[in-house]
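Notes follow once the structure below has been shown.
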Amino acid sequence: MWVVPEKEIAGLMTLEAAFDAVESVFAAMASGDAYNFPVVREAIGHKDALYGFKGGFDSQSLSLGLKAGGYWPHNHEQGLINHQSTVFLFDPDTGRVSAAVGGNLLTALRTAAASAVSTKYLAPKGAKVLGMIGAGHQAAFQMRSALRFGQFEKVIGWNLHPEMLSRLADVAAEFGVPFQTVGLDQLGEQADVIISITSSYDPILMDAHVTGPTHIAAMGTDTQGKQELDPALVARAALFTDEVAQSLGIGEFQHAAAQKLILEDNVIALGRIINGDHPGRGDAEVTIFDGTGVGLQDLAVASAVVKLAKQQGKAIEVEI
Ligand code: NAD
C-alpha cells in the first residue's frame with residue numbers, strides 16, 4: 001500500500017485539483033454511479049472526543065474507502081489541530097488496502113472546493129461582493145477558493161469573535177482584494193455570494209438580513225443541532241445540497257425540515273445541475289447550498305493526491 005503523509009499534502013494538492021475532483025464526484029453521486037455509506041459519529045467518552053467514519057464507493061472512478069477521524073477539543077493544548085483525520089483507500093477488485101493519506105488539509109480543501117462548485121453553478125450573474133460569516137480555520141480555505149474561482153472585487157466579513165477577522169483580511173491581502181468588517185444587515189444587503197462556516201448552534205443570518213439576488217453556501221453545519229441560517233430564510237430559498245438525506249439529517253436544512261417548512265422534494269442534489277439535469281438558479285432570488293461534507297469528497301481528493309504523490313515520488317510504499 002502507499003502512504004502519503006500529512007506533511008506532503010500542501011505540496012501536492014491544489015485548489016484546482018480539489019475543485020475538479022469534487023465537481024466530478026457530485027456529478028457521479030447525482031447520476032447514481034457513486035454512493036455514500038451511512039455516517040458513523042460517536043462521542044467515545046474519552047478526551048471529550050467525537051470519532052467516526054465517512055465512506056463510500058464511486059463506481060466511475062473506482063474509489064472505495066473511508067475517512068476515519070473526528071474532533072478532539074483539547075488537542076490545541078498539545079499544539080495539534082482539533083480536527084484529525086486519515087483517509088484509507090481500498091482496491092475495489094480485491095478489497096486490499098491501497099493507500100493511507102493524511103486527511104487534515106484535504107478536508108479543508110475538499111470543503112472549500114464544494115462551496116466554490118456551488119458558486120460556479122448558482123451565483124447570481126455578475127456576482128462581485130463576497131460575504132464571509134466565520135473566521136476560523138476553515139474560513140481562510142473557503143475564502144481562498146471563492147476568490148480563486150469567482151470574479152469577486154470586494155470581500156465583507158462578520159464573525160462572532162471579531163478579533164479573528166484579521167485572518168480574512170490576510171487572505172484578502174493575498175489576492176489584492178479590499179476587505180471590510182460589516183454588521184450582518186450590511187452583509188446580507190451587499191453580498192452577492194455568502195459563505196457561512198462557523199460552529200454555531202443558533203441561527204446567525206436571518207431572513208430579514210438578506211436582500212436581492214444572493215447565493216448562500218452554508219458550510220458549517222455538519223452535525224445534529226448546529227445551525228447558521230434562519231429557517232424562514234431557508235423556507236423562501238431554492239435549496240441545493242451535496243447529499244439530500246445528509247442535509248435533512250445533520251446539515252443546515254435539518255431545522256427547516258423539522259419545523260415542516262420544507263419537504264425532502266424541495267432539496268436538489270447539486271450534481272443534478274452539473275449533469276445538466278436541473279436548471280439551477282432559474283428565477284429564484286435566494287439559493288442556498290447546504291454543504292454537509294460527504295465521504296466521497298474525501299475519497300475523490302485522496303485518490304487525486306495519491307496519483308500525484310506517486311508521480312512525484314512522494315508516496316511511501318509499505319507492505320501490510
Ligand atoms: P474553528 O473552531 O476554527 O472556527 C469556528 C468559527 O465559528 C469561528 O469563526 C468562531 O468565531 C465561530 N463560532 C464559534 N462559536 C460560535 C457561535 N456560538 N456562534 C457563531 N459563531 C461561532 O472551526 P473550523 O475548523 O473553521 O470549522 C467551522 C465549522 O465547519 C465547524 O462547525 C466544522 O465542524 C465545520 N466543518 C464542516 C465541513 C463540511 O464539510 N461541511 C468540513 C469541515 C468543517
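Position 1 is the first residue of the sequence; numbering continues from there. The analysis underlying the following values was restricted to heavy atoms, covering all of them including side chains, and did not include hydrogens, waters or symmetry mates.
Considering CG of N104 and CG of L109, their distance stands at 11.0 Å, rounded to 0.5 Å. In this structure, CG on L233 lies 5.5 Å from CG on D207, to the nearest 0.5 angstrom. In this structure, CG on L106 lies 11.5 Å from CD on Q297, to the nearest 0.5 angstrom. Note that CG of L263 is 10.5 Å distant from CG of L239, once rounded to the nearest 0.5 Å. Rounded to the nearest 0.5 angstrom, L205 CG and L187 CG are separated by 7.0 Å. Note: L160 CG to I133 CD1 = 11.5 Å, rounded to the nearest 0.5 Å.
Applying side-chain hydrogen bond (donor to acceptor under 3.5 Å, both in side chains) to S115 and the options H215, Q142, K120 leaves one that passes, Q142.
Between E285 and R236, the closest side-chain pair of non-hydrogen atoms falls below 4.5 Å. Using a 4.5 Å heavy-atom threshold, the side chains of I195 and M219 count as touching. Using a 4.5 Å heavy-atom cutoff, the side chains of L89 and V97 are not in contact. Taking the side chain as every heavy atom from C-beta outward, K54 and V294 never approach each other to under 4.5 Å. Contact annotation: the side chain of F253 approaches that of I262 to within less than 4.5 Å [non-hydrogen atoms, C-beta and beyond].
Within the structure, no pair that satisfies the ring pair (Phe, Tyr, Trp, His ring centres under 6.0 Å) test touches residues 99-124, not counting sequence neighbours. Contacts classified as ring pair (Phe, Tyr, Trp, His ring centres under 6.0 Å) and involving residues 132-182 (residues at least two apart or in different chains) are given here: F19-F149, H137-F141. Contacts classified as ring pair (Phe, Tyr, Trp, His ring centres under 6.0 Å) and involving residues 271-299 (residues at least two apart or in different chains) are given here: F240-H278. A ring pair (Phe, Tyr, Trp, His ring centres under 6.0 Å) check over residues 49-68, counting only residues at least two apart or in different chains, returns the pairs Y51-F53.
No continuous path of ILVMFWY side-chain contacts below 4.5 Å connects L248 to I250, so the two sit in separate hydrophobic clusters. In this structure, I156 is a member of the same hydrophobic cluster as V210, with clusters built from ILVMFWY side-chain heavy atoms closer than 4.5 Å. I194 and V117 fall into different hydrophobic clusters, defined by Ile, Leu, Val, Met, Phe, Trp and Tyr side-chain heavy atoms under 4.5 Å apart, directly or through other members. No path of Ile, Leu, Val, Met, Phe, Trp and Tyr side chains, each step under 4.5 Å between heavy atoms, connects M143 with L184, placing them in separate hydrophobic clusters. Grouping the Ile, Leu, Val, Met, Phe, Trp and Tyr side chains by contacts below 4.5 angstrom, directly or via other members, places V171 with L105.
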Can I273 and L122 be said to form a side chain to side chain contact (heavy atoms under 4.5 Å, CB included), step by step? CA-CA 9 Å; I273 314 178; L122 290 167; 3.8 Å; yes
Run the side-chain hydrogen bond (donor to acceptor under 3.5 Å, both in side chains) check on Q180 and K154 step by step: do they pass? CA-CA 8 Å; Q180 191 188 348; K154 181 180 178 182; 3.0 Å; yes
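Between E16 and R148 a salt bridge is recorded (basic side-chain N to carboxylate O distance below 4.0 Å). Comment: D298 engages R110 in a salt bridge, judged by a side-chain N to carboxylate O separation of less than 4.0 angstrom.
Using a 3.5 Å distance cut-off with no hydrogens or angles, the side chains of D242 and T292 do pair a donor with an acceptor. No side-chain N or O of S200 forms a donor-acceptor pair with one of D202 less than 3.5 Å apart. A donor atom on one side chain and an acceptor atom on the other are found under 3.5 Å apart for K67 and T107. A side-chain donor from one of T198 and E228 sits under 3.5 Å from a side-chain acceptor of the other. In this structure, a donor-acceptor pair under 3.5 Å is absent between the side chains of S63 and D58. Residues N36 and E243 bring a donor and an acceptor atom of their side chains to less than 3.5 Å of each other.
Taking D48 as the reference, H74 meet the side chain to side chain donor-acceptor pair (under 3.5 Å) condition, with sequence neighbours excluded. Partners of T211 under the side chain to side chain contact (heavy atoms under 4.5 Å, CB included) rule, at least two apart in sequence or in another chain, are E189.
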